[in-house]
Amino acid sequence: MGRIYNFSAGPAALPEAVLAKAQAELLDWQGSGMSVMEMSHRSKAFVSIAEKAEADLRTLLSISEDYAVLFLQGGATLQFAMSVLNLAAPGDTVDYVVTGSWGKKAVKEAARFAHVNVAADAADSNYTDIPDRSSWQVSDNAAFLHYTPNETIGGVEFHDIPDDVATGPLVADYSSTILSRPVDVSRFGLIYAGAQKNIGPAGLTIVVMRRDLLDAKRDDVPTMLSYKAHADAGSMSNTPPTYGWYMAGLVFEWLIEQGGLDVMAQRNQRKAETLYGAVDGSDFYQCPVAPRARSRMNVPFTLADAGLDATFLEEAAGAGLETLKGHRSVGGMRASIYNAMPQEGVDALVAFMHDFEQRHG
Ligand SMILES: *Cc1c(COP(=O)(O)O)cnc(C)c1O
């Protein structure tokens with residue numbers, strides 16, 4: 001069997017060219033006689049891989065030297081706690097805007113270490129829209145404002161940056177939309193993203209952080225949870241996830257070869273329009289998310305008859321379209337169409353959806 005179109009939300013599809021390059025270099029990285037997996041993280045070879053990856057990410061996102069770029073572990077979930085531990089002193093207030101499941105989890109972790117003010121919560125719309133900024137109740141002294149630019153499960157995405165309402169720096173969980181389009185990093189205090197959606201394999205977490213925020217606001221932060229310690233050590237205060245770092249570097253190289261994030265943004269917009277167009281153009285399929293807040297990365301949709309869900313998934317898999325089952329908390333279907341999903345994959349899904357409707361609608 002050849003490769004299928006994998007619509008998984010994460011770990012997710014990687015560009016085939018990246019996998020092929022990793023395969024070609026697997027046993028012998030560029031004449032070193034060893035695999036990247038076998039290299040000391042202190043070796044000249046690995047340090048060159050690490051530095052190139054960081055430089056390419058800086059190029060892609062136009063990240064200035066005012067920002068540190070860290071290659072960490074623990075996933076976005078660890079960042080829920082780590083960001084608060086470092087950026088807030090005990091007793092400080094932190095603002096959170098909750099537009100879905102990940103934001104709720106972030107609030108829960110933050111509440112262990114600071115006073116959380118939920119400035120806005122999309123519960124009223126059942127997390128299918130973003131509350132109007134005029135309704136946000138921000139604190140006047142918040143250490144930061146945290147939000148989730150793209151809620152991966154509900155498929156709710158911000159299409160602008162809410163720094164106009166934040167009183168402190170913005171902290172953003174970019175896990176499922178980083179690198180999908182250009183973003184002005186200078187408007188953020190801290191951006192974090194687990195790699196397994198749009199960067200590389202699971203096990204690596206990217207942090208982009210304003211250097212003047214690096215010093216922790218409290219003195220009991222463990223070394224492994226200290227941004228300052230990681231920044232001072234070039235993300236090598238202990239053994240970093242070397243292979244994930246290398247794979248991320250291959251993805252960054254691939255993105256630059258494609259023409260960078262402007263090109264990716266155009267492709268992603270076209271893919272999303274194709275899929276939402278198919279859903280909106282039919283009574284058989286529905287997307288619960290308000291058009292203004294629809295994600296370009298994760299597209300949830302339901303069938304008119306939920307009794308057909310299992311058949312849809314089975315027939316889709318038979319057509320080489322996999323992992324379309326919606327998250328258990330939302331139901332229905334979800335198609336994740338990150339950078340590595342080609343337009344052809346979305347076209348194939350839309351063709352299948354038409355065909356399925358013809359036969360079952
Ligand atoms: C997947 C995801 C997470 C959780 O990431 P882990 O790497 O599993 O900790 C958090 N936030 C968002 C927006 C996600 O998509």
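Note that the coordinates shown come from a computational prediction; the quantities given were computed from them, not determined experimentally. Whatever order the structure lists ligands and atoms in, that order sets their numbers, starting from 1.
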Say whether Ser295 and Glu151, considering side chains only, have a donor N or O and an acceptor N or O under 3.5 Å apart.
->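 There is no such pair between these side chains.
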State which residue, out of Met333, His354, Glu357, fulfils the side chain to side chain contact (heavy atoms under 4.5 Å, CB included) condition with Tyr285.
->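 Output: one option passes, namely Glu357.
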For Ile337, the option from Lys271, Arg296, Gln343 that meets side chain to side chain contact (heavy atoms under 4.5 Å, CB included) =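 Result: among Lys271, Arg296, Gln343, Lys271 is the only option passing the side chain to side chain contact (heavy atoms under 4.5 Å, CB included) with Ile337.
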Going by the salt bridge (charged side-chain N to carboxylate O under 4.0 Å, His left out) test, which pairs reach into residues 111-120, not counting sequence neighbours?
->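 Non-adjacent pairs meeting salt bridge (charged side-chain N to carboxylate O under 4.0 Å, His left out): Glu109-Arg112.
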Using the six-membered ring of Trp102, assess whether NZ or CZ of Lys108 lies under 6.0 Å from its centre and within 45 degrees of the ring axis.
->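 Not flagged: Lys108 not positioned over aromatic ring of Trp102.
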Should we count CD of Glu257 as having more than 12 external heavy atoms under 6.0 Å?
->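 Yes - once you tally the heavy atoms of other residues, nucleotides and ligands closer than 6.0 Å, there are more than 12.
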Protein residues near ligand 1, heavy-atom distance below 4.0 Å?
->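 Shell around ligand 1 (4.0 Å, heavy atoms): Gly75, Ala76, Thr77, Phe80, Trp102, Thr148, Asn150, Thr152, Asp173, Ser175, Ser176, Gln196, Lys197.
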